[in-house]
2 protein chains.
Amino acid sequence: MEKQHNLSKNQKIIFDLIDKSPEPLKAYSILFNVQKKGINAPLQVYRALDKLVEIGKIHKIESRNAFIACQNSSCQISKATAFSICESCEKVSEISNTKLSKYLSNFADEAGMKYSKYNLEFFGLCKKCKSK
Amino acid sequence: MEKQHNLSKNQKIIFDLIDKSPEPLKAYSILFNVQKKGINAPLQVYRALDKLVEIGKIHKIESRNAFIACQNSSCQISKATAFSICESCEKVSEISNTKLSKYLSNFADEAGMKYSKYNLEFFGLCKKCKSK
DNA sequence: CTTGTAAATGTTATATTATTACACAGTGTT
DNA sequence: AACACTGTGTAATAATATAACATTTACAAG
Ligand SMILES: [Zn+2]
Ligand SMILES: [Zn+2]
Ligand SMILES: [Zn+2]
Ligand SMILES: [Zn+2]
């Protein structure tokens, strides 16, 4: 049974915006888009983003400083993430591949150390851009 | 045979600083440290960093906005990187594990798409911090 | 040796991303 | 009521990164 997170007003506004977006959104672009809804300051956006990341509803694409809604319903853990990023059109997709996540979750370094959390970003050209 | 990159003056100053550092360095911390050597502006630092990243002498730790010297002599490609990051003491190590890099380089997503470049960051507690 | 060109430098200003500090409001528990 | 916890609002500022422009250096082609 998943934990239910009742989003607060600001969290909901910002999650809805990110969730509807076909591409990752940056914090200040979010800010400009929600000013009509009464969210006026960067901090209000960052606080909502922090919380949404924490509960796994969104992820941060670190190499782009942008945020994307979780596309993987089993991702409440939120801390084991993988993405593919097109270097031409900047399309980003969340990868949900059981083998990959198992492989990475079980990976042990030279010292035998394991890591429960990871973030993986793949870069290349998406299908569309490759065929151009 | 590796390509020889003759670093320019600024590139060398900045690489040497990063290479000597036991921890990843941030751009403005680099700037403060090289002002005595005549590098005065952020852009001079960022330009050198960009070049050093491009030729694989350093890597950017995306989740920390910090830069670390390549600890893996076979990393000239520079675009397939993996790190372990301690969430307590912020120690960062580059992982050079042939199986891991082969696995990731050969990974194909649901659409059969392969990616030559990736960046992987593992998070956890290092040995020291775990035993505390 | 001169001309062309790519890479690197220097400088100023500015854009973008993110946090600190403080005051207060809502909710649920004891 | 007293408390703890989470969320909100606002202002100021810190930290990270790039744009625009002028100049210089390295080096190969002619
Ligand atoms: Zn997810
Ligand atoms: Zn594309
Ligand atoms: Zn390396
Ligand atoms: Zn540690």
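Throughout, protein chains are lettered first and strands after them, A, B, ... in sequence-line order, and every chain is numbered starting at 1.
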In whole Å, what is the span from the CD atom of B:E62 to the C1' atom of C:dT17? 14 Å

With a 4.0 Å cutoff (strictly under), does any side-chain N or O of B:N10 reach OP1 or OP2 of C:dA7? no

Looking at C:dA8, I'd like to know if its phosphate oxygens (OP1 or OP2) sit under 4.0 Å from a side-chain N or O belonging to B:K51. yes

OP1 or OP2 of C:dA18 versus the side-chain N and O atoms of A:K60: is any pair under 4.0 Å? yes

Tell me the interatomic distance from A:R64, atom CZ, to C:dT17, atom C1', rounded to whole angstroms. 16 Å

Expressed as a whole number of angstroms, how long is the span from B:L31:CG to D:dA14:P? 16 Å

Under 4.0 Å: is that the gap between some side-chain N or O of B:N40 and OP1 or OP2 of C:dG10? no

When the distance from NZ of A:K9 to P of C:dG26 is rounded to whole Å, what number comes out? 12 Å

Take atom NZ of B:K37 and atom P of C:dG10, then tell me their distance rounded to the nearest Å. 14 Å

Rounded interatomic separation in angstrom, taking CG from B:L43 and P from D:dT16: 16 Å

Does the side chain of B:S63 come under 3.5 Å of the side chain of A:E62 through a donor N or O and an acceptor N or O? no

Respond yes when some side-chain nitrogen or oxygen of B:K12 is under 4.0 Å from OP1 or OP2 of C:dA8, and no when none is. no

Are a donor atom and an acceptor atom from the side chains of B:N119 and B:T81 found within less than 3.5 Å of each other? yes

Is the phosphate of C:dA18 approached by A:Y46 (side-chain N or O, under 4.0 Å from OP1 or OP2)? yes

Under 4.0 Å between a side-chain N/O of A:Q44 and OP1 or OP2 of D:dT8, yes or no? no

Closest-nucleotide mapping onto DNA chain C: is B:A41 or B:Q11 further toward the 5' terminus? I mean the 5' end. B:Q11

Residue pair A:N33 / A:Q35, side-chain donor-acceptor N/O under 3.5 Å: no

Cation over ring, A:K117 on B:F123, under 6.0 Å and within 45°? no

Is it true that A:Y115 and A:F107 have ring centroids separated by less than 6.0 Å? no

According to a strict under-4.0 Å criterion, is A:N65 in side-chain N/O contact with OP1 or OP2 of C:dA18? yes

Counting just side-chain N and O atoms, does B:S8 come under 4.0 Å of either OP1 or OP2 of D:dT25? no

Round to the nearest Å and state the distance from A:Y28 atom OH to D:dA17 atom C1'. 14 Å

Please confirm whether the shortest side-chain N or O distance from B:K26 to OP1 or OP2 of D:dT16 is below 4.0 Å. yes

Rounded distance in Å - CG (B:L49) to C1' (C:dA8): 15 Å

Can you figure out which of C:dA18, D:dG9, D:dC21 approaches the side chain of A:R47 most closely? D:dG9

